[in-house]
Structure formats: C-alpha cells, structure tokens
Amino acid sequence: MAENVKVAVRVRPFNAREKSRNASIIIDMSGQTTEITDPENPKAEPRKFAFDHSYWSHDGFNEREDGYLEPAGAKYDDQQKVFEDLGKGVLDNAWKGYNCSLFAYGQTGSGKSYSMVGYGVNKGIVPLACEDLFRGISAKRESAVKDEEYQVTLSMLEIYNEQVRDLLNLKTLQKGGLKVRQHPTKGFYVESQSNWPVDSYDEINNKINEGTRNRTVASTNMNATSSRAHTIVAVSFVQKSSNEAGQNMTKTSVINLVDLAGSERAESTGATGDRLKEGSAINQSLSSLGNCIKALADISQGKKKVVVPFRDSVLTKLLQNALGGNSKTVMIAALSPADINYEETLSTLRFADRAKAIKTSAIVNESPTDKLIRELREENQRLMDMLKSGGGGASLEMGGGGQGKSGYSEDEVAEMKRALEEQVRQNAQELEDMKKSWAEKMQEGQQQTMAGMAQENKEHEEMKTTPHFWNLNEDPALTRMIIHFCRAGESKIGNRKADPAPEILLNGLSIQKEHAVITNNNNTVKIRPQVSAKVMVNGQEIKSETTLHHNDRVMFGSNLLFAFHHPQELEKQVKEGIKIETPTYDSAQEEIAQKSGLMKDIGGADGKSKEDLLLQEDLIQLLPMINEANAMSEELDKKVIFEIALVSSQARGVQDGKTEVMVKMRNMENENEWMFSRNDFINRKYLMQEMYANYMQGDADWDVPKERDPFWEPADTETLIGTVHVYLQSLGYMIELQENLAIADYKGVEQGHLTVEVQPCSEKWDNIEEDYFVDNPAELVGKKIYFKLKIPFARGLPQRFVQSFCRYKFYLEDKDVQTQVVSGTINPDFGHEKKYQLDVTKQLIEYIANSPLVIEIWGMQKGDSSPSKASTNNKNNKNNKTKALMKREKTIVNSPTTVTVSKDEKIKEEEEKYKSASEVNMYKKKAEKEEAKIHKIQEFLDSAKASGQTTIQISDIEKMLSLESNGATVGTTQKNNTNNKNDRGATKTSKACIIQ
Ligand code: ADP
Ligand code: MG
C-alpha cells in the first residue's frame, strides 16, 4: 500500500559564533507545526508548516556530567526522543522485512550528522538503531529454534562530485569512482561494492568509524570539501526461519541511512556571474534530488505525464527505491535557528514540505529460500545465454539508458558485455552467499573487522600515555578521526614519496617529502620544520625548532590542521585547576586569521559591529580556501596567486553598501588581475579541487582546456581599473568644471588620471560665457539647465591594459553611459561628450551638492603568452615555474596570502579632501567671474569718464550684469517667466550704483 514519506524537522542550538554575535532566532515550534519569521520583516505573519514531527532541540536542556544533552523541560527533544520516534519505527519495519530509508537534509552545520550519527555520548539514530537491532537479535537468538538465523551486513559509500567511493574498501579508490549499474529487476546498484558481515554493535561501530576515517583521509588527500559529499550507510538485515509448512524462508530488509551534502546551493552556484558557474558537478546530485522530489510530489498531487529524473545523478539512481519504490522512507530536515540563515532555512522547510507529499509502496521482502536460489540460478542461466549470443544489448537496459534497438557502437557492445559479466558475477556471489552458512561468512569478513577493532583499542590505550596529534576538520564529524603519535625518540614527517616511509605519513597540499622532524625526549616534544616546509604553530609559521604544549594548534602544509595532545601536561593542568580549552577548527582558523593581521582591518578584536562580525566570518571561511587555492596553483603550475580583498562599497562605486570580501586572482607572469566575488571564487574552488583530485589520481588528462580552467580567465575580461569621484557643486552655480582626477583602485592606490569636464551651456548648446554664474543653486529650481559632460582622456593607466573605457550613471539615469573603447594605449583619448538637459528640482540640486558622480574606468588586459595547459602534465614536474614565482612573492610580501583592504573611512577621508578641493576650486572660479564682471564695469566706467561723461545709465550696468547680455541663458520651465531677470537686475543695480 502506498504511504507518505514521513517528515520531521529539528532545530539545533546556537553555535558559539552565533552566540557571540547575538543572533536572533527565527524558528518556533509547537506540536507538529513549525513557524519561521523573516528577520528583515519581523512584524510580518510567520510562515507555518506542518510535519509529522517538529523537534525542538534549540534550548531547554542541561548538559549532563558525561556530556549528554538531556531535557530540562517538556519542550526539548533529545537524541533519545528522536530515536524513539524515527529510529524505532525504522527498526520495526526492518524486522517485518520492509526496506527502509532515512535521510537527513539541511545546510552545512544545521545538524544532519548530529541527528544521524551524533557526537560522543549524544549518539544519533544510526548507532542507537544498530544497538537496538543487535539487542533484538541477541534476544531472538537465545530462544532461536533450528534454522533461525539473523545476518547483518554493512556497506558505506560516499558520493562526491558524481563519483562513488567505497569507504570500506579504499582499494577501489580509482579514477571516476565505482560504476553504478542497473539490475533488470532490483534497480541500480554499485559495482563491486564491499559488504561486511557484522555481528555486534561494537563491530558495526568500528566499521563506521573506519569508513569515516577513510573519508577524512581521502578528502584531505584530494583536497575535497566534505560538506559536499553524500554518505550512504546501508545495513542489510536478513532473517532466515522456517514457516509452519516447514519451508525455509528468507526475509530481507535494506536500511539506507543517508547523510546528504549541505543543501546551501545558492552559495556556490546560485547567483554567480562567473563564466564557469555551470562547470562543476559538485551539486548535481543534490539538485537532481530536488528535481526528483518535486516531480514525485507533483505526481502524488495527481499531475500526469511527469517524468521523474532519477537517471540524472548518481545519488538519485541509488535512491530510486527509497524515493519512489519499495521502501518506507523517513526524512529529517535539520534547521538552523539563526537569523542570517533565513533564506536557507526557509528553503529547507519548503523542500521538506514537498517531500511529505511523496508516496512509496513498500512490500515485505520474504520468499522461500529455495525459490530465491532457483530464481537466481535461472537468472544467471539467462544472462549466460545472452552473453553467448553476443551481448544481446536490446534486452539489457544500461545504466546510461541505452535502450535503442540497434546500431550500438563497438564500445557500447563491449560495455554491455562487461555489464552482463558483472551481473553474472554478482549473481554467482549472491548464490554462494545464500548457500554459505552465516558462520562461514562471518569468518571471512570478521577477521579483518576484529583486527581493526584490536588496532583501535590499542590506539586508544596508547593515546592515554603518548603525546599525539589529532586532526581538526572543517566538518566536526571528521574531527579527531586521524591520530599521529609522537613516540619516544625521533619521528619524521613526510609524504608518501619519502623513502624510507616516515613515521608520520601526511598527504595533502604542500606537504614535502621530508617535511619536519618531531623529537620526544622524556615527553618533551619538539618540532623542527625542514627548510621551506610550511609548519604553523598556534597561527604563526615557525622556522626553527619549537616545543609543543598541550592543545597547541599545528598546521602542516596548506590545510592539514591538527591539535596536539599531551597527556602528562593535561594531567598537570587538571591538578592545578587550569581551565582547559579544547581547540576547534573554527577557533584555530580564526587564530590564523588574527595572526595574519587580517582581523585588525575589520573593526579589530573588540568593538565589533554586527557587520564586522559577519565580515570576519566570511574572512575566516575564505582564508583557508585561499591558502589551498594557492597551494593547488603551485602544485599544478598555474602561475596565478589568489589574495583576499576587502572592498568597500565606496570603492565599488556603491553608496552606503557593505564592505565585501572579494578574491583577487593575479597572474604572476604578466601581472594581469581579476576580481571574483566570494561566491564565484568558492565555485571556482570546487573546480580546482576537481582538477587537483584528477591530478592526484594520476589522470593524464587532469588538465582541461582554458575555457574550463578555473585558474584561467581571458585577458579581455572587463576588469575594473579604478574609479574617480567627481563633485558637481559648481554645476549648481552654472560654473564650468575641469578636473584632472586620480583614478583610485579599491585599495585607494593611484592607477592613472582621468580628465573630466562639466560645461554649462545655453539652450543652443553654446558654452556659457566666462563671467556668468548663479548666486545660489536654489534659484535654479523650476528651470531647465543645459550642460555637457565630457571625458576627454585618461593618462598613465597601468601597463597591462590594452583597452579601456569609462562607465558612469548620472543622477537618475537607469542605464550606464559608456565611453568608446580605446585600444592599444595606456593614455586613451576617449573624446567622450554627453549632453544633458534637465528640469531642475530640489532633489537634483541636493544631488549636485552632495553626491559625487562616480566614473568607473574599466580595462581589458594583455593576452597571456603562457600555453593553455601547464607546461608539463607530469607529476614530477621539475621546472615548476609557479613555485619560483610564489617564492619571489614571498620575499616581496611576508605571506602569499596578502590581504588588501579598502576602508570606507580611509576613502571617505580622501573623498572629503577631494570634495573640499573642488569646492575651493569652484569658489575660486566664482570669484574670478565676479572679478571679471567688476572689471567689465570698471572698464565701462573708465571709458565713460574718458569720454567726459558724468552720469551713466543704470540700464547699461543692468545689461552688463543681466543674463541676456552674455548671450547665455538659463531656460525656464515656466514660459515667459521674466521675474528672475528683474529680480537679479534689481539687486545688481543697487550694487552697481554704488560705483557711481
Ligand atoms: P551538518 O552535519 O548538518 O553539517 P552537524 O550535525 O555536524 O551539521 O552539526 C554542526 C554542529 O552543531 C556540531 O558541532 C553539532 O554538535 C552541533 N549540533 C547540531 N545539532 C545539534 C543538536 N540538536 N544539539 C546540540 N548540538 C547540535
Ligand atoms: Mg555532517
């Protein structure tokens, strides 16, 4: 019978950073309803959603001595409660022989892993369910009659960037990952995925730990972003027993436990303007999951002719059953309570809301064992026959969808044959398994598991007495997964090329063959980096031997971050009652950012505004990525270097916006530069990781054509050279303006000069004459003004630009005005002139008086001469040019990750200077004009005197002062308005008469 997917939502507590920022809460729950409030619009009606369960885990809890978070009141829902509701139900169904699936959905850091796996004593659904399952099995076994058997096997997969990896068998770590194939009846499966028999909670726990550890190692080796991976733990539960008729029955259930990748799609590929935005497959699985769920929800609402695109991604292929077929499915959507995550949280709620409409039809998977064996045999015979008859492609549906009738290429036929063979193999294996007793099966897999458990126990013992490193990962679920001991004597640290193998083997960005040496002399542990090897202790690069202490943070290379654990020191500290603060990934990254001097530039350590705190968060997130991007550029010989740039709104030509973190990519050979937004850079970084992973896997084709290369950008991409701000007060007095302005880049550094002119005109577009001006800009309101805005030329632009143009928007213009593009010179003559004819309003006068006209100067850079691909495609590239270039950079600036900051205050200061300078200029002009007038009158007087006149006509003076006398005029919007002239005449007349 079809039934709906069960959907639960759960909201987590604030994390440390949210607390320090005083984040406000946007989620409320009561009963089954969940409400969300838009923090920008707190008075608006909250949006309401209803789910099967709404779990409140935000507050109202106590931390027990052992660390377990237990309810302090009725509202709080702890791990046990979530397990009782969701996990128990899943288990009941598994016992009955239904397939079950449990998904966790939500943005990174929202609590997916907390609910699924949990942390420490706060065990999640997966371990609690496994515990319960084995408790149940033990109980059954005690009273078991003959033929009754309970078998549990486990597999653990990761999907990253559309590649499938078997986390319990790293040998399969091959290029392109494992193949996903389709079985004619059972659906999609992963070829040669390992399946481990487990017989106790400890065994299953050990296996999951092993998988997680493998995940941690692989993701650091490949420099992958773990939050972008989906993890699927599949527990197969087989029950064998005899029915009343004495027939041997097999009941099977597969429990899929799926921890999905972070759902923050908009972050990485959403609103980016980058040309490479479509390039990455990193989000493909998640977006096709969204599409499938949408289609399934549509179908359940009665829409016809909807195709569910299961085939679009690896994840949806593997979850086809869980979503639309033979499975009882539960989804838990994890929610962040913090205001800044509003958009993401709302989208998670919408996703969950759609998911609850989906229907699945689970059946009890129970058959007589004989029948299953017979079916398998028959199936195998059929496949063998097909193979013999040459592949028989038409009857075989390929994973890629090759359902055509004929005309298969040779490759396709070969591939089909391979698929058939694989199915035969798989079936044979299954048959074998069916016949084997559980004891036999256990023996094979268990040996290895036991060895693993023994190893783990030994390690745990040693950790109590031997100083060691434990890893810090961006993902808390992957933290403390890797341990390296600093045993007595000397331990070398190096990568896998080192011979003999070092005691501490590290693989990761910028790790050298011989990287550092650790000495442990009577539990005094020291670290000595090799020349030019990167080692950072507590946020500072070290060059000489340094003693390590308990909880020190140590970074090897560009991204291998560890904390140091010193048992004896810890003991002493505990005795002395010293407060012990265990480092976290975030605190360690923040420390690195602080020590780099970066944080000073934004509000400093104290007195942070909310905006500063958000900026710091961005920065702490981006800084390690920049380091990694640079290390990848170096290893892949890409000749570019990345830097963080804090760009103020002023520098971006936006008024009253926020300072933004951007990333500058610079080609160290030709000095070309490009600026990326945070999102564009993050997106590119995924592509870099993909490239790097291919390179690490020894793929000869790791390098891609320029067009898809994230380390490359066409030289002719329009780049902002800088801006000038033109103050227009003089226009309010109808005085011409001519300025030669320094072009400032976002750092405020001069990038050449731009000449700008504003020429007030008459109605007929003649220049207004020398001695004309308006006394008070307010007088212009209601009239029409005419003027020309000219940008004749720029001089001394940076050498790397071969083309340039200017762009601006005057007043209320809704479209950018652009000058012509001038090529082949750094001293471009734009010869730009635009006529403006405007009705003067108060608003315009205000604009002219206060707002600068921002002119942006854009350029296209010289083409790059380097070949499209890195000079050699081999790993042992001896002439890595980028290495040398980076080294040079390092000697110029202290660290390759320089941060360039543009501060609003600094720019404002400059602006103020400019503004007053142009004001002074304007007044000077005005004074000159007054002078010119007086001079004219003086001349008139003189000539009158010379000709013996003793009286002069007031009207003559009037004429000299009036508008018409100059041939210039300010048009009026009201026709026949002559008052103005008269007013002016009158006042001037009285002045003029004094001369007499
Ligand atoms: P995700 O897997 O979605 O990226 P995690 O489950 O790792 O997120 O959670 C991020 C952090 O928040 C972890 O440190 C975790 O301990 C904490 N956390 C998440 N959910 C809860 C919860 N319900 N109660 C307490 N802490 C939680
Ligand atoms: Mg997680």
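Note that ligands are numbered from 1 as they come in the structure, with each ligand's atoms numbered from 1 the same way.
Going from atom NE2 of H484 over to atom CH2 of W470 covers 13.5 Å, rounded to the nearest 0.5 Å.
Not counting sequence neighbours, Y119 has no partner by the side-chain hydrogen bond (donor to acceptor under 3.5 Å, both in side chains) test. Every side-chain hydrogen bond (donor to acceptor under 3.5 Å, both in side chains) that K75 has, sequence neighbours left out, goes to D28. Taking N93 as the reference, nothing meets the side-chain hydrogen bond (donor to acceptor under 3.5 Å, both in side chains) condition, with sequence neighbours excluded.
Scanning the protein for heavy atoms near atom 6 (O) of ligand 1, the closest one is Y114 N, 2.7 Å. Annotation: atom 8 (O) of ligand 1 to nearest protein heavy atom, G111 N, 3.1 Å.
Of the options P13, G124, S263, the smallest heavy-atom separation from atom 24 (N) of ligand 1 is shown by P13. When A16, P476, S113, S57 are ranked by how near their heavy atoms come to atom 2 (O) of ligand 1, first place goes to S113. The closest heavy-atom contact to atom 12 (O) of ligand 1, among the options R12, Q79, K112, comes from R12. Nearest to atom 5 (P) of ligand 1 by heavy-atom distance, out of Y119, Y585, W56, is Y119.
Using a 30° and 60° split on the angle between ring planes, H566 and F564 fall in the perpendicular class, above 60°. Taking the six-membered ring where tryptophan is involved, the planes of F562 and F469 are perpendicular, since the angle between them exceeds 60° and thus also 30°.
E591 and R553 are joined by a salt bridge, as a carboxylate oxygen and a charged side-chain nitrogen come within less than 4.0 angstrom of each other. Of the charged side-chain nitrogens involved, at least one lies within less than 4.0 Å of a carboxylate oxygen, so that D85 and K81 count as a salt-bridged pair. Remark: R12 engages E18 in a salt bridge, criterion side-chain N to carboxylate O under 4.0 Å. Looking at E456 and R213, a side-chain N of the basic residue comes within less than 4.0 Å of a carboxylate O on the acidic one, giving a salt bridge.
Within the 4.0 Å heavy-atom cutoff, L69 counts among the residues contacting ligand 1. Residue-ligand proximity: Q107 is placed with a non-hydrogen atom under 4.0 Å from ligand 1. Using a 4.0 Å cutoff on heavy atoms, G109 counts as a contact of ligand 1. No heavy atom of G262 sits closer than 4.0 Å to any atom of ligand 1.
The shortest N or O to N or O distance between S110 and ligand 1 is under 3.5 Å.
Each protein N/O/S atom under 2.8 Å from the Mg ion (ligand 2) was counted, for a total of 1.
Looking only at side-chain heavy atoms (C-beta outward), T34 and F51 come within less than 4.5 Å of each other.
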